[in-house]
Amino acid sequence: MSETPIVYVTREIPEVGLERLRERYEVVVWDEKLPPEKSHIETRLAELDAEGLVCLLSDDIDADVLAASPDLEAVCTFSVGYDHIDLAAAAERGIAVGHTPGVLTETTADLAWALLMTCARRTVEGHDYVEAGEWGTWGPRLLTGPDVHGATLGVVGLGNIGTAVARRAAGFEMDVLYTARSRKPEREGELAEFGVDASYVERDDLLAESDFVSLHVPLTAETAGLIGEDELRRMPDEAVLVNTSRGEVVDTDALDSALDEGWITRAGLDVTDPEPLPADHPIMRHAPERLVVTPHVGSASIGTRNRMAEMIAENLTAGIDGEPLPNSALRDAGLE
Ligand code: GLV
């Protein structure tokens with residue numbers, strides 16, 4: 001083991017985070033555009049006797065990766081989600097796991113709204129129309145869509161991001177419904193301070209009554225495939241579905257059928273299954289008229305990404321020093 005602990009970073013995170021890490025560690029960064037293979041991460045961790053690993057949500061950090069370096073003290077993911085990390089294996093090996101909650105809440109809520117507005121007001125189609133030289137005159141029937149103001153917003157999962165999405169509905173004078181594992185009076189109170197009267201309803205009622213449904217649940221065994229054929233058929237034909245959570249929460253084939261057969265009118269996805277979504281994936285035939293897709297950029301504001309990089313350094317330093325992590329995924333998952 002070298003005297004300066006070694007940290008392996010699976011992609012170039014913002015410089016501010018790398019600088020902070022370099023102050024204390026020897027930092028080895030995978031600087032390719034595409035991610036390293038899982039076997040490569042394992043090999044590098046073992047070769048380097050790495051004490052720290054910084055990973056992304058697209059890296060599969062399973063028990064083999066966690067066992068690759070006997071000196072591994074801390075794994076920090078550049079994401080709030082940690083469904084790509086085997087937390088139980090990490091806990092068993094005594095490896096600290098850090099993530100970046102909180103900081104990206106508002107930024108991700110902004111993106112959910114960007115998709116919602118895009119789907120309602122057809123801005124991507126409008127842009128394509130102008131670019132294609134089709135804008136010959138003002139059109140009374142051109143690119144009409146549903147009103148956002150005064151509509152009903154259904155929020156599935158009233159955690160931090162879901163609450164931030166619901167809060168934004170105040171400016172649009174929307175009715176807000178939410179569903180979660182149980183009623184959340186504290187969140188309702190928080191929203192009431194902003195003039196949002198959020199009503200707790202069963203999921204089926206939310207789907208049947210909402211004009212816009214926005215998904216904000218973590219990916220777990222319980223939420224995988226949460227929105228499938230039955231759920232999509234329950235939604236009004238004019239409804240819009242927005243997903244900024246995890247791709248696997250929506251059954252892609254069922255969504256394809258829903259868009260084909262008009263069970264809903266449009267979907268805006270920042271996360272997909274599979275992810276990345278190939279341009280020639282069958283569901284892309286609905287774009288842009290019925291489908292708008294962004295490449296998992298929910299947290300991608302400059303300020304938020306910089307802050308996430310700093311949080312990575314703070315978490316990793318605590319983990320390598322054997323201190324409690326400021327943002328521990330194990331703690332947040334109830335494993336610590
Ligand atoms: C993004 O999806 C994240 O988990 O940070």
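One is the number of the first residue; the rest follow in order along the sequence. Order of appearance sets the numbers: ligands from 1, and atoms from 1 within every ligand.
Salt bridge R266/E289: absent, no basic N to carboxylate O contact under 4.0 Å. One finds a salt bridge joining R307 and E310 here, because a Lys/Arg side-chain nitrogen approaches an Asp/Glu carboxylate oxygen to under 4.0 Å. A salt bridge links R24 with D321: the closest approach of a Lys/Arg side-chain nitrogen to an acidic carboxylate oxygen falls below 4.0 angstrom.
Enumerated by chain and number, the residues approaching ligand 1 to less than 4.0 Å through a heavy atom are L57, S79, V80, G81, L104, R246, H296.
Heavy-atom neighbours of E15 CD from other residues, nucleotides or ligands within 6.0 Å: above the threshold of 12.
Between K33 and R11, the closest side-chain pair of non-hydrogen atoms is not below 4.5 Å.
If you chain together ILVMFWY residues whose side-chain heavy atoms come under 4.5 Å of each other, L142 ends up grouped with Y129, V130, W135, L143.
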